[in-house]
Protein chains: 4
Amino acid sequence: MHYGKDIGGDAMDFDLARPIYQQIIDEYKKKLIRGELRQGDKILSQREYAEKARTNPNTVQRAYREMENMKLVETVRGQGTFVCIAPEQLELIRNEMAGSVIELCVSEMKALGFTEQEIRVRLEQVLVNAKEVITDDRV
Amino acid sequence: MHYGKDIGGDAMDFDLARPIYQQIIDEYKKKLIRGELRQGDKILSQREYAEKARTNPNTVQRAYREMENMKLVETVRGQGTFVCIAPEQLELIRNEMAGSVIELCVSEMKALGFTEQEIRVRLEQVLVNAKEVITDDRV
Amino acid sequence: MHYGKDIGGDAMDFDLARPIYQQIIDEYKKKLIRGELRQGDKILSQREYAEKARTNPNTVQRAYREMENMKLVETVRGQGTFVCIAPEQLELIRNEMAGSVIELCVSEMKALGFTEQEIRVRLEQVLVNAKEVITDDRV
Amino acid sequence: MHYGKDIGGDAMDFDLARPIYQQIIDEYKKKLIRGELRQGDKILSQREYAEKARTNPNTVQRAYREMENMKLVETVRGQGTFVCIAPEQLELIRNEMAGSVIELCVSEMKALGFTEQEIRVRLEQVLVNAKEVITDDRV
DNA sequence: GTGGTCTAGACCACA
DNA sequence: GTGGTCTAGACCACA
């Protein structure tokens with residue numbers, strides 16, 4: 001018996017993990033958006049990153065190369081990789097990421113049969129709950 | 001090749017794929033919530049599911065067994081597996097799944113530096129956009 | 001060789017061996033009830049148990065996982081499995097196990113045609129005999 | 001890796017199923033004790049029994065042979081196997097079986113840490129419960 | 001055909 | 001070292 005992917009036909013597909021190089025890019029995008037990394041900052045060398053993350057240097061290289069294509073960073077040979085992003089570009093990415101987060105949320109909620117109004121209500125509940133937790137901690 | 005899994009230290013962690021057996025459970029939960037499966041319905045046999053999804057029957061069995069522990073289904077040896085869930089239990093799962101979807105959304109938005117008010121605004125934008133798309137289609 | 005498993009009809013059934021994973025669970029339940037294992041104790045790792053019992057680690061894992069579902073133990077990845085049971089839960093299991101032992105006894109005695117009064121008498125005989133054996137040993 | 005029984009040492013042993021030929025003997029003993037089979041009755045031929053129980057004829061033969069050794073039955077070549085047991089012998093078996101049932105029960109209860117008095121009390125509970133169930137059914 | 005148990009073993013994350 | 005997931009496949013009872 002085998003359950004090979006090669007037969008073709010109407011197989012169901014399981015969600016795979018997001019590729020590591022994309023996870024690396026996402027991580028940097030978040031740092032940029034949160035201001036933890038700013039224009040001109042030097043980021044980890046590919047080798048350093050690969051060691052810290054215990055991942056394949058080639059994977060890191062792919063991530064860095066794509067970030068360069070996206071105009072997020074610039075690599076100077078012999079010196080390293082530096083943040084290099086225009087403020088408007090940053091704002092664009094911020095909007096893009098927020099958009100995909102919320103769109104995913106809405107589409108999943110609708111797939112569960114929730115109406116728009118229910119989604120609003122549930123969002124409020126979560127926001128209020130989060131506040132109460134903080135308040136509790138303060139007390 | 002390995003990249004120092006044995007060195008110890010503060011490695012970064014990447015998101016892994018959700019285990020297949022849990023993806024199977026999630027899929028059934030969604031079908032239950034959306035009413036595509038109802039009390040008494042026979043679900044795919046373990047072998048059928050394994051063939052369709054091209055996965056190992058043992059993996060499917062684990063999913064089905066856990067669904068039985070969760071009181072979602074009942075299994076009759078030699079006959080198959082049947083939906084068996086109390087309406088209140090169903091409502092509970094619906095709330096649970098909705099909660100985790102929205103909580104994930106909120107925590108990611110906050111990690112991107114969005115305030116609660118901004119989250120509300122962006123949600124509205126997405127909801128309105130969705131409607132416009134529908135309207136556009138109609139026209 | 002086969003003896004007509006495919007003919008259908010009213011075959012007699014023989015008792016099968018209790019599944020190994022259930023025997024493992026029973027063993028642990030007994031140790032908990034007798035106080036040989038207490039709250040917080042680390043139990044054998046899955047591999048250790050499998051080696052000692054010369055069984056497959058997967059079988060042990062199934063037993064441990066079900067014990068976790070029953071809230072008898074808690075598992076910490078990379079560390080091991082630990083007893084974690086509330087006293088009331090322990091008392092429940094004690095009652096449950098005692099109940100099934102005595103119910104089995106009573107049903108078998110009745111199947112042999114013994115009346116309730118005869119069962120009581122025979123129980124007394126066995127209890128008294130047991131005591132005499134002890135007394136004999138002392139002498 | 002293998003988990004072979006051939007290494008020797010302090011392996012735990014799991015309970016195996018009671019051998020089928022003994023289960024066959026037990027079944028006949030019970031029928032004799034309950035009076036469902038009496039002196040002179042013809043029992044199933046070995047071939048018939050093997051078919052009904054879907055078991056190996058050799059297994060049935062072993063059971064019948066041992067029953068003959070125990071003086072429970074007699075086989076007449078060309079005619080079949082017949083119950084052939086003295087009333088005192090029957091009474092002996094009855095006592096023997098009852099004894100082993102109750103001894104097993106007592107030893108298991110003591111292994112669970114129950115005192116003799118507790119065993120008596122629990123027996124009463126089960127006997128009383130059984131009666132109530134019957135009463136409920138009548139109503 | 002259905003589900004249930006078990007073995008054997010690969011590969012992984014976590015510590 | 002720990003547990004977690006998954007595959008592959010044998011063999012079984014039940015219908």
Side-chain angles (χ1 to χ4, degrees), chain A residues 1-5 14 17 53-55, chain B residues 2-25 42-51 53-68 73-82, chain C residues 2-25 42-51 53-68 73-82, chain D residues 1-5 14 17 53-55:
Chain A
M1 249 177 287
H2 82 134
Y3 319 99
K5 301 269 177 190
F14 295 108
R54 291 179 182 153
T55 194
Chain B
H2 82 133
Y3 311 99
K5 300 268 176 186
D6 46 344
I7 300 169
D10 56 343
M12 309 170 186
D13 288 325
F14 296 107
D15 286 342
L16 299 177
R18 192 165 171 70
I20 293 175
Y21 77 90
Q22 284 185 16
Q23 295 190 37
I24 294 173
I25 295 172
K42 186 172 189 252
I43 67 175
L44 287 181
S45 80
Q46 296 177 9
R47 278 168 176 75
E48 280 172 348
Y49 195 109
E51 264 174 41
R54 287 178 188 150
T55 192
N56 190 298
N58 285 332
T59 301
V60 180
Q61 192 180 42
R62 175 158 185 198
Y64 278 31
R65 193 160 53 223
E66 303 226 350
M67 290 197 290
E68 196 162 15
V73 299
E74 247 175 24
T75 273
V76 184
R77 197 193 259 234
Q79 291 199 262
T81 303
F82 302 84
Chain C
H2 81 133
Y3 311 99
K5 300 267 176 188
D6 47 344
I7 299 170
D10 56 344
M12 310 169 187
D13 289 325
F14 297 108
D15 287 342
L16 298 177
R18 192 164 171 71
I20 292 175
Y21 77 92
Q22 284 185 16
Q23 295 190 36
I24 294 173
I25 295 172
K42 187 175 189 247
I43 67 175
L44 286 181
S45 81
Q46 296 178 9
R47 280 169 175 74
E48 279 172 348
Y49 193 108
E51 266 175 39
R54 288 180 186 146
T55 192
N56 190 298
N58 284 333
T59 302
V60 180
Q61 191 180 42
R62 176 159 183 197
Y64 278 30
R65 192 160 54 222
E66 304 227 348
M67 290 198 288
E68 196 161 15
V73 298
E74 246 175 25
T75 273
V76 185
R77 198 192 257 235
Q79 292 199 260
T81 303
F82 301 85
Chain D
M1 251 177 286
H2 81 133
Y3 319 98
K5 301 270 175 189
F14 295 108
R54 288 175 184 157
T55 195

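Just so we're clear, the structure is a prediction, and the values are computed from it rather than from any experiment. Naming: A, B, ... by sequence-line order, numbering from 1 per chain.
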Point to revise | Length of the CD-C1' vector between C:Q23 and E:dG4, whole Å | key: 15 Å

Practice item. Can you tell me the distance, in whole Å, between the CD1 atom of C:I43 and the C1' atom of F:dG3? Key: 12 Å

Review point. Looking at CD of B:Q61 and CD of B:E68, how far apart are the two atoms once the value is rounded to the nearest 0.5 Å?
Key: 10.0 Å

Practice item. Spell out yes or no: do the side chain of B:R47 and the base of E:dG3 have one donor N/O and one acceptor N/O closer than 3.5 Å? Key: yes

Review point. Can you tell me if the side-chain N/O atoms of C:S45 get under 4.0 Å from OP1 or OP2 in F:dG3?
Key: yes

Practice item. Considering just the side-chain nitrogens and oxygens of B:Q46, establish if one lies under 4.0 Å of OP1 or OP2 belonging to E:dG4. Key: yes

Review point. Roughly how many Å is it from CZ in C:R18 to P in E:dT5, rounded to a whole number?
Key: 11 Å

Check your understanding: In whole angstroms, how far is the P atom of F:dC6 from the CD1 atom of B:I25?
Key -> 10 Å

Practice item. Under the side chain to side chain donor-acceptor pair (under 3.5 Å) rule, collect the residues that match up with C:T75, sequence neighbours excluded. Key: C:T81

Revision key, fill the gap. One should report the stems of DNA chain E, each a stretch of at least three consecutive Watson-Crick or G-U pairs at distances under 3.5 Å, as E:1-14 with F:1-14

Point to revise | Side-chain N,O (C:T55) to OP1/OP2 (E:dT7) below 4.0 Å | key: yes

Review point. On DNA chain E, nearest-nucleotide positions of C:N58 versus C:Q79: which is more 5'?
Key: C:N58

Review point. Which nucleotide in the list E:dG3, E:dT2, F:dG3 gets nearest to the side chain of C:R77?
Key: F:dG3

Review point. Hey, does the side chain of C:Q61 come within less than 4.0 Å of F:dG3's phosphate (OP1/OP2), counting only N and O?
Key: no

Review point. Considering residues at least two apart in sequence or located in another chain, which fulfil the salt bridge (charged side-chain N to carboxylate O under 4.0 Å, His left out) criterion with C:R18?
Key: C:D26

Exercise for review: Answer yes when B:E66 and B:R62 have at least one side-chain N-carboxylate O distance shorter than 4.0 Å, and no when they do not.
Suggested key: yes

Point to revise | Closest nucleotide among E:dG3, E:dT2, E:dT7 to the B:T75 side chain | key: E:dG3

Practice item. Verify the contact: side-chain N or O of B:Y21 to OP1 or OP2 of F:dT5, cut-off strictly under 4.0 Å; return yes or no. Key: yes

Review point. Between B:T81 and E:dG3, does any side-chain N or O lie under 4.0 Å from OP1 or OP2?
Key: yes

Review point. Starting at CG of B:D15 and ending at P of E:dC12, how long is that distance when rounded to a whole Å?
Key: 18 Å

Point to revise | Separation of atom CG in C:L44 from atom C1' in F:dG1, rounded to whole Å | key: 15 Å

Practice item. Applying side chain to side chain donor-acceptor pair (under 3.5 Å), name anything that partners C:Q23, two or more places apart in sequence or on another chain. Key: none

Point to revise | For B:R65, all residues meeting salt bridge (charged side-chain N to carboxylate O under 4.0 Å, His left out), sequence neighbours excluded | key: none

Exercise for review: Output the distance between atom OH (B:Y49) and atom OG1 (B:T55), rounded to the nearest 0.5 Å.
Suggested key: 8.5 Å

**Study point:** Atom-to-atom span, OH of C:Y49 to C1' of F:dG3 - whole angstrom
**Key:** 17 Å

Review point. OP1 or OP2 of F:dC6 less than 4.0 angstrom from a side-chain nitrogen or oxygen of B:R62, does that happen here?
Key: no

Check your understanding: For B:L16, what residues pass the side chain to side chain contact (heavy atoms under 4.5 Å, CB included) criterion, not counting sequence neighbours?
Key -> none

Point to revise | C:N56 CG - F:dA8 C1' separation (whole Å) | key: 13 Å

